[in-house]
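Report on the structure given below.
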Amino acid sequence: MNALAGARIGPNALIQVAHALAEAPGEASARHLFRLAGLAGYLDAPPASMVDELEVARLHRSVRANLGPAQARRVFRDAGQRTAMYLLANRIPRPLQALLRRMPSGLAARVLLRAIGQHAWTFAGSGRFEARYGRPVVLTITGNPLCRGVASQVPVCDYYAATFEHLFRSLVHPETRVSETACEATGAPACVLELSWRAGPS
């Protein structure tokens, strides 16, 4: 049996890409790219529950193949920020958000990483997510479904990078920066994101 069969990802990986595409390059391009991915129906009836990770991967490949690296990066960064804003508005309890913002950044990062790890199945699908606190914080996705079958000269995990960057800027430290130091799309064994911010109390 295929170990990847039935693996699912939260619908924001489709919905927020649709919103980002509609913003730029526009509604017509969004519909064209979703149609190329065989997912045009989701534009008229957005998914309300987890979706097949293979569908998400198809859409992300469609965007990269047809928009080119620079524009695709802008779309995925926009989609990632939109996903983080959705999570802040609808999924992360307000009392927890307030508590995290009052904590020293090091402690807030540890608490947030624990919560992210507990919900990793919602964004990593069949991949394996690991988080290590330190300076920098290191997030690793092995078997990243959004990189499966992708070959690139540069890292392509802008969607994940922007999501985590916005969450950490909102809840941990406003100067958080995320850089992707390794990517399976370039031939690396895993996708690695490093999060850092100005040194302060831990």
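What's counted below: heavy atoms across the whole structure, side chains too, no hydrogens, waters or symmetry copies. Remember, predicted model here, so these are calculated numbers, not experimental data.
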When you look at R31 and D44, which way does the salt bridge (Lys or Arg N to Asp or Glu O under 4.0 Å) test go after all the steps?
CA-CA 10 Å; R31 190 159 295 277; D44 299 316; 3.4 Å; yes
Between L171 and I92, is the side-chain contact (heavy atoms from CB on, under 4.5 Å) condition met? List the steps.
CA-CA 10 Å; L171 300 174; I92 303 175; 4.1 Å; yes
Are S196 and R135 close enough, and set up right, to give a side-chain contact (heavy atoms from CB on, under 4.5 Å), and what steps lead you there?
CA-CA 6 Å; S196 58; R135 295 189 183 276; over 6 Å; no
As a quick check of understanding, evaluate side-chain contact (heavy atoms from CB on, under 4.5 Å) for R114 and Q118, giving each step before the final call.
CA-CA 6 Å; R114 189 176 305 117; Q118 290 171 346; 4.0 Å; yes
Go through it in stages, so that I can follow the logic: the residues are E53 and R148, the test is salt bridge (Lys or Arg N to Asp or Glu O under 4.0 Å), and I'd like the CA-CA distance, side-chain angles, deciding distance and then a yes or no.
CA-CA 10 Å; E53 69 174 30; R148 199 168 296 129; 2.9 Å; yes
Before giving the answer on side-chain contact (heavy atoms from CB on, under 4.5 Å), spell out for Q16 and V75 the whole-Å C-alpha distance, their side-chain angles and the decisive distance to 0.1 Å.
CA-CA 9 Å; Q16 303 306 337; V75 166; over 6 Å; no
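Using bins of under 30°, 30° to 60° and over 60° for the plane-to-plane angle, the ring pair F123/F129 lands in the perpendicular bin.
With hydrogens and angles ignored, the 3.5 Å screen pairs no side-chain donor or acceptor of S29 with any backbone N or O of P25. R8 contributes no side-chain N or O that, together with a main-chain N or O of G125, makes up a donor-acceptor pair within less than 3.5 Å. Looking only at distances, a side-chain donor or acceptor of Q97 sits under 3.5 Å from a matching main-chain atom of L88. Looking at S179, its side chain never comes within 3.5 Å of a backbone N or O of T181 through a donor-acceptor pair.
Between the side chains of T163 and R82, no donor N or O sits under 3.5 Å from an acceptor N or O.
For R177, there are no side chain to side chain donor-acceptor pair (under 3.5 Å) partners at least two apart in sequence or on another chain.
Using a 4.0 Å cut-off between charged nitrogen and carboxylate oxygen, E130 and R128 count as a salt-bridge pair. In this structure, R77 pairs ionically with E165, as a charged nitrogen and a carboxylate oxygen lie closer than 4.0 Å. Checked for salt-bridge contact, R58 and D52 miss the test: no charged N lies under 4.0 Å from a carboxylate O.
E184 approaches I141 most closely through the heavy-atom pair OE2-O, 3.7 Å. Annotation for L43 and A18: closest pair CD2-CB, 3.7 Å, computed over non-hydrogen atoms.
Under the 4.5 Å side-chain contact rule for hydrophobic residues, Y42 and L59 share a cluster. Placement of L112 and Y86 within a single hydrophobic cluster is found when ILVMFWY residues are connected by side-chain heavy-atom separations under 4.5 Å, directly or transitively. Note on W121 and L113: separate hydrophobic clusters, where clusters join Ile, Leu, Val, Met, Phe, Trp and Tyr whose side-chain heavy atoms are under 4.5 Å apart, directly or indirectly. When the side chains of ILVMFWY residues are joined at heavy-atom separations under 4.5 Å, either directly or via intervening members, F164 and V56 end up in a single hydrophobic cluster. M85 and V17 are not part of a single hydrophobic cluster, where members link through side-chain heavy atoms under 4.5 Å apart.
To the nearest 0.5 Å, atoms OG (S62) and CZ (R35) are separated by 10.0 Å. Here CG of L33 is found 13.5 Å from CZ of R61. Values are rounded to the nearest 0.5 Å. Taking OG1 of T140 as the start and CG of L193 as the end, the distance is 8.0 Å to the nearest 0.5 Å. A distance of 7.0 Å separates CG of L146 from SG of C157, quoted to the nearest 0.5 Å. Distance check: L21 CG to Q71 CD gives 8.5 Å after rounding to the nearest 0.5 Å. Q81 CD to L167 CG: the interatomic distance, rounded to the nearest 0.5 Å, is 11.0 Å.
With a 4.5 Å cut-off on side-chain heavy atoms, E175 and R169 do not count as touching. Within the 4.5 Å cutoff, the side chain of L100 has no heavy atoms near those of the V172 side chain. No side-chain heavy atom of L107 sits under 4.5 Å from any side-chain heavy atom of Y133. Residues H166 and S170 form a side-chain contact, since some pair of their non-hydrogen atoms from C-beta on lies under 4.5 Å apart. A 4.5 Å side-chain heavy-atom check between P11 and S49 finds every atom pair outside the cut-off. No side-chain heavy atom of I9 sits less than 4.5 Å from a side-chain heavy atom of T122. In this structure, Q153 and T186 have side chains that are not in contact, with every pair of non-hydrogen atoms separated by 4.5 Å or more. Proximity of E180 to C191: side-chain heavy atoms (C-beta onward) are separated by under 4.5 Å at one or more points.
When V137, V138, L139 are each tested for a side-chain contact (heavy atoms from CB on, under 4.5 Å) with E194, only one passes: V138.
Aromatic pair Y160/F76: ring centres not closer than 6.0 Å. Taking the six-membered ring wherever Trp is involved, the centroid distance between the rings of H60 and Y159 falls below 6.0 Å.
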